[in-house]
Amino acid sequence: MTQLSVVVIPIVLALIIACAMFPVLDFLRRHHIPSALATWFSLIMIVGVIGSVAWVIVIRVEGQFDDLAASALQSIDHLQDLAGNLPFTISDQQFNDARASLLDFVSSQQFGTGALAAVSTAASLLTSAGVFVVVLFFFLKDGPQIWAFLCRPFTGSRLRRAQRAGDQALTTLGGYVRGTAAVALVDAIGIGAGLLILQIPLALPLAVIVFVAAFIPLVGATAAGILATLVALVTNGPVAALLVAGVVVVVNQLEANFLQPVVMGRTLKLHPLVILIALTAGAILGGIVGAILSVPIAATAWGIITVWNGPEQPAEFARQKRPENT
């Protein structure tokens, strides 16, 4: 799969986004909108949103990325100056090694190892984008028919098991993407507003980084918050850095304790240890894209396991037989 990542990643992304868009398509079709029109409307909306986010990242963030990287490196130098007051000793060589590692990671191809390396060239990127759009169109248009075709070899209890697995995968993937996108948007708006109020430079690039990083559970939002705090430390001093850190902590606590339980519901029923293992494996196999996709794939696999030995009889049949058994 990693060798064919130019094809596999667009297909997986198209499948996940199609699952997330299923309620919209179902709503349009139930209100007598022709299937072709509903499909094109959903496809144009998806491509428009993804294109807008890509435009913001490329146009607005790329122009300030050098400043952002320079601020991160300056923050390491600033921490090195402060390290003299710590109760333990950090040598100049250790700081220099950490600084060089960060610079090499950001500026070299290692920043796009695994899955990202496969789409590093323009041709691969265009190929992946074309595969994504075409596959997404057919998933949106003929998703149920495609699944019914895949279920043809099964009959009886095996068919009902395949149907349960498909329904669970649809629910898990769709709920995960919709919930994560809502949480990421709230994180980006909350932290970005705090950076703007505190007049921290590079507020927009940092907010975009927060939004993207929020799709990596547990560690993504925290890492983006640390980066924002370091930038504030270098540009506006320690007081501003403490205020930014406070904003990050408040937003993350509100997200973890209030927003995620409401938005995500029971979609992501994984122990944090399982999430960390999935993230590690995904990052090793697929880089950043692998880290983003590993958790919804793991959640879907676990959801399928939970319904694997579900009731053999359909719910309607069971309700019809219950009076006789009584």
- For M21 and I46, work out which heavy atoms get closest and say how close. CG-CD1, 3.3 Å

- Task: Find out if a path of hydrophobic residues (ILVMFWY) with successive side-chain heavy-atom gaps under 4.5 Å connects I197 to I200.
- Result: no

- Item | OG on S128 to CG on L13, rounded to 0.5 Å | 9.5 Å

- By salt bridge (charged side-chain N to carboxylate O under 4.0 Å, His left out) - contacts of D167 (at least two apart): none

- Query: Under 4.5 Å between any side-chain heavy atoms of T300 and Q168, yes or no?
  - Reply: no

- Task: Output the distance between atom CZ (F22) and atom CZ (F139), rounded to the nearest 0.5 Å.
- Result: 14.5 Å

- Query: Looking only at heavy atoms, what is the nearest atom pair of L25 and A38, with distance?
  - Reply: CD2-O, 3.6 Å

- Using atom types as modelled and distance alone, determine if a side-chain donor or acceptor of S294 lies under 3.5 Å from a backbone N or O of A278. yes

- Message: Is any side-chain heavy atom of V210 closer than 4.5 Å to one of L227?
- Response: no

- What is the distance from atom CH2 of W40 to atom CG of L37, rounded to the nearest 0.5 Å? 11.0 Å

N/O donor-acceptor pairs under 3.5 Å from side chains in residues 141-155, not counting sequence neighbours:
none

- Query: So, does R164 use its side chain to make a donor-acceptor pair with the main chain of W308 at under 3.5 Å?
  - Reply: yes

- Under 4.5 Å between any side-chain heavy atoms of F211 and D187, yes or no? no

- Query: So, for A188 and A207, which heavy atoms are closest and what is the spacing to 0.1 Å?
  - Reply: CB-O, 3.5 Å

- Query: With side chains defined as the heavy atoms from C-beta onward, is the minimum distance between L195 and V231 less than 4.5 Å?
  - Reply: no

- Task: Using the rule that two of Ile, Leu, Val, Met, Phe, Trp, Tyr join whenever any of their side-chain heavy atoms come within less than 4.5 Å, decide whether F137 and V177 are in one cluster.
- Result: yes

- Item | Shared hydrophobic cluster, I292 / I277 (ILVMFWY, side-chain heavy atoms < 4.5 Å) | no

- Item | Linked, directly or transitively: L170 and I304 (ILVMFWY side chains, under 4.5 Å) | no

- Query: Can you tell me if T306 uses its side chain to pair, donor with acceptor, with the backbone of G303 under 3.5 Å?
  - Reply: yes

- Task: Return the minimal non-hydrogen interatomic distance between A241 and T229, and the atom names on each side.
- Result: O-CG2, 3.5 Å

- Is there a side-chain contact between I216 and L279, using heavy atoms and a 4.5 Å cut-off? yes

- Item | Any side-chain heavy-atom pair of R29 and T39 under 4.5 Å | yes

- Item | Passing candidate, side chain to side chain contact (heavy atoms under 4.5 Å, CB included) with V250, options N252, V247, L254 | L254

- Query: Below 4.5 Å, heavy atoms only, C-beta onward: do V208 and L204 meet side chain to side chain?
  - Reply: yes

- Task: Identify the two heavy atoms, one from V133 and one from L43, that lie closest to each other, and give their separation to 0.1 Å.
- Result: O-CD1, 4.2 Å

- Separation between CD1 (I191) and CG (L196), nearest 0.5 Å, reads 12.0 Å

- Task: Identify the two heavy atoms, one from F215 and one from T180, that lie closest to each other, and give their separation to 0.1 Å.
- Result: CD2-CG2, 3.5 Å

- Task: Please check if Y176 and V274 belong to a single hydrophobic cluster, counting links between Ile, Leu, Val, Met, Phe, Trp and Tyr side chain heavy atoms closer than 4.5 Å.
- Result: yes

- Query: If we only count heavy atoms from C-beta on, is the V24 to F27 side-chain gap below 4.5 Å?
  - Reply: no

